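Following: one structure in structure tokens, then a few remarks.
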Amino acid sequence: MGKNIAGLENKRELWHRVQGIYVHIPFCLQKCLYCDFVSFTCPDREIMDAYTNAVCREIVADGKMEITERPTVYFGGGTPSLLPETFLAKIADTMQKRGMWDNLSEKTIEANPGTVTFEKLRFFSRLGFNRISFGIQSLNDGELKAIGRIHTAAEAREAMGMAEKAGFDNISADIMYGLPGQDIESLRQTLKDVIGFNPEHISAYGLTLEENTPLTRLVGSKAVILPCYDDVFAMYSLLQEMLEKEGYNRYEISNYAKNGRIARHNTVYWHYFPYRGFGAAACSFGGGKRRTGTASVVQYITQAQRNDFSYNTEYLTLDEKIGEFMFLGLRMAEGVDLKEVEKRFNIDIMERFAQEMASFLDKGLLIYDAEAGRLRLSRQGMAVGNRVFEIFVKI
């Protein structure tokens, strides 16, 4: 699996070239109650127009970016499917002129089911997107309402049904578990219905309470009650059982794919390869440093108009790079190639962290394959991944 995910044989070369390009579209019709991403309730068309122009200016301004032969592109948000078609086309056209569009291995656009029509989906496909990721979350209207989603279960089913007819043969569905009012039977029904549409990829995330979100405040005030730990763990176990039974291979802690249709863009992050982000709050990583743009849409537009983009730059220490590499790599079912760690960072992981890893290896949560030179989480280890990650990264 490692070679398929990496895409190219010469990994040393990959460390120094951009493998993935991310475009952030920060607009939403309504912000979900659990969301802490940089996104804003949808402004008027004039703001979206100015933002589109700003993204295009930033793309043009980045003239020094060295891109691999077959990179990935991901339009995320926010709600990219909310951006008017002419604005999306303008960004794609700008990327094409800069050599960032035609030779891509994967072009993904995120979509909220409540913001798409068959005509819009056909437009996405004709524009060049070859993968679409739907934020389904649940197919239970009560659960959707409880987390502030704008779409209904019927709209989600309709969107899934339309996507293939519109030209997509690589469809992903995001679902969540541990939601307010959710129980194992409602999750079972959501899974059954989603699987029925036969998407190539399913992402399954447990609800996380992030600081300063409305849902966190509601839970804190007891206005909303979440399922107990035992019920959430039962949901987690059900996900694995049902998805694997239906031929979905778990290739990362929260991601399952059929027939090798992994999310190639996300594997750029998990392999700790360079990526470039455009848009407000977008992050870029070059191997030794990480830079992030302003989270203010107004400020971002102003910077673009002046052709003077400013970024917050974080220079990473060797220990930080090693920690991030291990944390991200261990999320994947294939685990970490220890020879690659040694080549990139001149360190023997099994020697450096021998004491810290001992109990996890003894308990079978971590598995060391000496012959293959790989370290990975076991099935049981994936359930307690954060405990293992703390060895390398202080969370």
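In this text, all values refer to a predicted model and were calculated from it rather than measured experimentally.
- Ion pairing of Arg352 with Glu342 is absent here, as no side-chain N (NZ or NE/NH1/NH2) approaches a carboxylate O to less than 4.0 Å.
- In terms of heavy-atom proximity, Gln137 sits nearest to Arg149 at CG-NE, 3.6 Å.
- Residue Phe285 forms a ring-ring contact (aromatic ring centres under 6.0 Å, His included) with just one option from Tyr272, Phe273, Phe325, Tyr315, and that option is Tyr272.
- Side chain of Arg374 to main chain of Glu334: a donor-acceptor pair is present (N/O by atom type, distance under 3.5 Å, no hydrogens or angles).
- The shortest distance between side-chain heavy atoms of Glu320 and Thr317 falls below 4.5 Å.
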Derivation and outcome, side-chain contact (heavy atoms from CB on, under 4.5 Å), residues Ile349 and Met357: CA-CA 10 Å; Ile349 288 293; Met357 292 191 296; 4.2 Å; yes

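- Between the side chain of Arg17 and the backbone N or O of Ile67 there is at least one donor-acceptor pair closer than 3.5 Å.
- Taking the side chain as every heavy atom from C-beta outward, Asp62 and Phe309 never approach each other to under 4.5 Å.
- The existence of a salt bridge linking Asp369 and Arg376 is excluded, since no basic side-chain nitrogen approaches an acidic carboxylate oxygen closer than 4.0 Å.
- Looking at Thr117, its side chain does come within 3.5 Å of a backbone N or O of Lys120 through a donor-acceptor pair.
- You'll find the side chain of Leu187 reaches within 4.5 Å of the side chain of Leu191, heavy atoms only.
- Contacts of Ala383 classified as side chain to side chain contact (heavy atoms under 4.5 Å, CB included), with partners at least two apart in sequence or in another chain: Phe233, Tyr236.
- Between the CE atom of Met332 and the CZ atom of Arg250 there is a distance of 14.0 Å, given to the nearest 0.5 Å.
- Residues Asn307 and Arg57 meet the side-chain proximity criterion, which asks for heavy atoms closer than 4.5 Å.
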Verdict with supporting geometry, Asn249 and Leu243, side-chain contact (heavy atoms from CB on, under 4.5 Å): CA-CA 8 Å; Asn249 177 54; Leu243 292 176; over 6 Å; no

Stepwise salt bridge (charged side-chain N to carboxylate O under 4.0 Å, His left out) test for Asp93 and Arg98: CA-CA 9 Å; Asp93 181 63; Arg98 304 297 292 182; over 6 Å; no

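- Counting only distance, with no hydrogens or angles, the side chain of Tyr269 and the backbone of Gly20 share no donor-acceptor pair below 3.5 Å.
- Side-chain atoms of Ser378 come within 3.5 Å of backbone N or O of Gly364 as a donor-acceptor pair.
- No side-chain heavy atom of Gln19 sits under 4.5 Å from any side-chain heavy atom of Thr72.
- Ser138 places a side-chain N or O within donor-acceptor distance of the main-chain N or O of Asn140, the cut-off being under 3.5 Å.
- Although no hydrogens or angles enter the test, the distance criterion places no donor-acceptor pair under 3.5 Å between the side chain of His24 and the main chain of Gly277.
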Side-chain atoms of residues 104-113: list all donor-acceptor pairs with protein atoms under 3.5 Å, sequence neighbours left out, distances to 0.1 Å.
| residue | atom | partner | partner atom | Å |
| --- | --- | --- | --- | --- |
| Ser105 | OG | Arg70 | O | 3.3 |
| Ser105 | OG | Pro71 | O | 3.3 |
| Glu106 | OE1 | Arg264 | N | 3.3 |
| Glu106 | OE1 | His265 | N | 2.9 |
| Glu106 | OE2 | Arg264 | N | 3.0 |
| Lys107 | NZ | Trp101 | O | 2.9 |
| Thr108 | OG1 | Arg131 | NH1 | 3.4 |
| Glu110 | OE1 | Gly77 | N | 3.1 |
| Glu110 | OE2 | Tyr74 | OH | 2.8 |
| Asn112 | OD1 | Gly114 | N | 2.8 |

Would you mind writing out the side-chain donor-acceptor pairs for residues 156-181 within the sub-3.5 Å range, not counting sequence neighbours?
| residue | atom | partner | partner atom | Å |
| --- | --- | --- | --- | --- |
| Arg157 | NH2 | Asp193 | OD2 | 3.0 |
| Ser172 | OG | His201 | ND1 | 2.9 |

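- No donor-acceptor pair closer than 3.5 Å links the side chain of Ser186 to the backbone N or O of Gln182.
- The backbone N or O of Arg261 sits nowhere less than 3.5 Å from a side-chain atom of Asn259 that would complete a donor-acceptor pair.
- No donor-acceptor pair under 3.5 Å is formed between the side chain of Tyr248 and the backbone N or O of Ile195.
- Between Arg290 and Glu324, at least one side-chain N (NZ, or NE/NH1/NH2) sits under 4.0 Å from a carboxylate O, which counts as a salt bridge.
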